[in-house]
Undergrad: 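What follows is a single structure, and I will ask about it in a moment.
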Amino acid sequence: MAKKLALFGGEKVRKQPFPPHPIIGEEEKRAVMEVLESGKISTFIAQSGELFLGGKKIRQFEKDYTEYYDIKYAVAFNSATSALHAAIVACGLKPGEEVIVPPYTFTSTATSVLMHNCIPVFVDIKPDIFCLDPAKIESAITPRTRAIMPVHLFGHPADMDQIMSIANQHKLRVIEDCAQSPGAIYKGKLVGNIGNCGIFSFTETKNIMTGEGGMLITNDKEIAEIARMVRNHGEVIFEGQSQRTYRSDILGWNYRMTEMEAALGIVQFRKMDELNQIRIELSEYLASKLADIDGLIPPVAYPDVKHARHAFAIKYSEARIGIPRDTFVKALAAEGIPFGAGYVRPLYLNPIYHENKPFIYKYYGKGISYDKGICPVTERLHEKELMLTAVCRPPATNSDMDDIVKAINKVIENKNELVEG
Ligand SMILES: Cc1ncc(COP(=O)(O)O)c(C=O)c1O
């Protein structure tokens, strides 16, 4: 007889929480303490010739990125959101121009477009890898379209060959949102190094973290220079400049990263491949244990990619399992296994695109829709088919993954009780 579900008072499969993330080791602590003890905690202002390009740790962190990504420029930010905003400005977009974005992503992929008074145009995603569907991009292009922002969601690279080919044909900029995909590889190329620029996030839930932080990488000198100005109140930095000019040519913000964060980032970045490898092994182990369950499809990884495994997304079939997805997720939560029913709501359904329009809306309505129904694949995934967990990450082990499998099997075995109960 199946054990009683925790939802109905039975014993939980898992009583202790999943191991805490991120892992902050001695090296991380030492790196931050060293900066504090040096007394130089944000050396963007003119100190010993550093002049707005950041202190030692910032410049080391950026250099590490240029070397690993084999790219000319890296610009550190205080978040990926600020780096995305700077990318929109630095790619030369003008207010009122349109940017193609997926609707299934973190809010700031699209709000970074709004921050420059540009218009996000949502294009649906592929149902297997959850990234922009290249087949649907061309019909969304208008004379005002200037850029595409593919998101390598949950760590899986978007179809960059097709996206770059469309972008080249229509002379569009490509800003890769790699917040969830550090170290991911598409056909032999690291993501972030394929479009005009790539952006990474170091918020504490990410594969590597600095508490808060972001990085923009590019081979384009102009993008790097403008991004640095946006980061630094719009102040101009001249070659060989020896004194502060207080001259602002463009609108800028204070998007600077501190030396403590950069010091933490240097240590974390060195560990990125190793940490990603643990994510890959945990995810593959869990996927293999779930592969035979009729009605669950574990995450897909195309053969020519390295998946960064930021999150573990399962596709769920209510018809085959016989339990509504949201009830299934609730029963798993009661067993001590945290899954989300879907990810974020399709972005265009947020109030910001309807009643709370905080941006210049003189272009709104000219063929742009944020109505329910515009991206049916995203809506179906969100409402019915997607289940998501973030626990397949270090320091978890296969035994933690086994608890997930046990709980899933237990819930399925109790289907009748659950549906009738
Ligand atoms: C896809 C995506 N884009 C952008 C961001 C924004 O990153 P940050 O929190 O560093 O601003 C995130 C992270 O939350 C993200 O997951």
Side-chain angles (χ1 to χ4, degrees), residues 21-22 61 65 74-89 99-116 120 122-123 125-126 129-132 147-158 160 163 174-184 186 191-192 195 197-217 227 230-231 253-258 261-262 264-265 268-269 272 276 279 307-313 340 342-348 350 352 378 381-382 386 388-390 393:
H21 177 92
F61 192 25
Y65 260 77
V75 186
F77 282 83
N78 57 8
S79 71
T81 302
S82 45
L84 285 166
H85 180 193
I88 295 282
V89 179
V99 181
I100 289 174
V101 293
Y104 221 31
T105 171
F106 184 68
T107 182
S108 68
T109 309
T111 53
S112 65
V113 175
L114 298 175
M115 287 172 196
H116 196 49
F122 293 102
V123 166
I125 59 174
K126 293 176 77 175
I129 56 167
F130 319 121
C131 299
L132 262 184
I148 307 175
M149 286 174 85
V151 178
H152 308 297
L153 198 73
F154 307 145
H156 194 293
M160 291 308 291
I163 290 171
V174 174
I175 299 167
E176 294 178 70
D177 183 338
C178 313
Q180 301 185 7
S181 54
Y186 173 82
V191 303
C197 58
I199 276 85
F200 300 88
S201 170
F202 309 125
T203 194
E204 73 174 1
T205 55
K206 293 297 190 278
N207 292 27
I208 60 166
M209 63 89 220
T210 60
E212 299 294 347
M215 187 72 80
L216 178 154
I217 60 170
V230 171
R231 169 174 78 172
W253 283 259
N254 182 343
Y255 283 165
R256 303 183 299 216
M257 178 181 260
T258 66
E261 289 162 324
L264 196 48
Q268 284 268 296
F269 188 46
M272 182 175 77
N276 278 352
R279 286 175 179 268
H307 192 318
R309 303 287 183 182
H310 176 63
F312 190 91
Y343 174 44
V344 294
R345 74 165 67 77
L347 293 187
Y348 53 83
N350 277 297
I352 193 174
T378 301
L381 284 165
H382 186 63
L386 196 102
L388 192 69
T389 188
R393 62 188 176 193

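All ligand and atom numbering here is 1-based and tracks the order in the structure.
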Undergrad: Side chains of F130 and L386, heavy atoms from C-beta outward: is any pair under 4.5 Å?
TA: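 Of all side-chain heavy-atom pairs linking L386 with F130, at least one is under 4.5 Å.
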
Undergrad: Return the CG to NZ distance between L153 and K126, rounded to the nearest 0.5 Å.
TA: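 That separation rounds to 13.5 Å.
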
Undergrad: N or O contacts of ligand 1 with protein under 3.5 Å, please list pair by pair.
TA:
unit_1	atom_1	unit_2	atom_2	d
ligand 1	3 (N)	D177	OD1	3.3
ligand 1	3 (N)	D177	OD2	2.7
ligand 1	7 (O)	S201	OG	3.4
ligand 1	10 (O)	A80	N	2.9
ligand 1	10 (O)	S201	OG	2.7
ligand 1	11 (O)	A80	N	3.4
ligand 1	11 (O)	T81	N	2.9
ligand 1	11 (O)	T81	OG1	2.5
ligand 1	14 (O)	K206	NZ	2.9
ligand 1	16 (O)	Q180	NE2	2.9
ligand 1	16 (O)	K206	NZ	3.4

Undergrad: Side chains of M149 and L84: does their closest heavy-atom pair fall under 4.5 Å?
TA: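 Yes, at least one pair of side-chain atoms sits under 4.5 Å.
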
Undergrad: With heavy-atom distances below 4.5 Å as the criterion, would you say the side chains of I88 and M115 are in contact?
TA: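 They are not in side-chain contact.
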
Undergrad: What is the distance from atom NE2 of H21 to atom NZ of K206, rounded to the nearest 0.5 Å?
TA: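 These two atoms lie 9.5 Å from each other.
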
Undergrad: Look up atom CG in L388 and atom NE2 in H310, then write down how far apart they are to the nearest 0.5 Å.
TA: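 With rounding to 0.5 Å, CG (L388) is 8.5 Å from NE2 (H310).
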
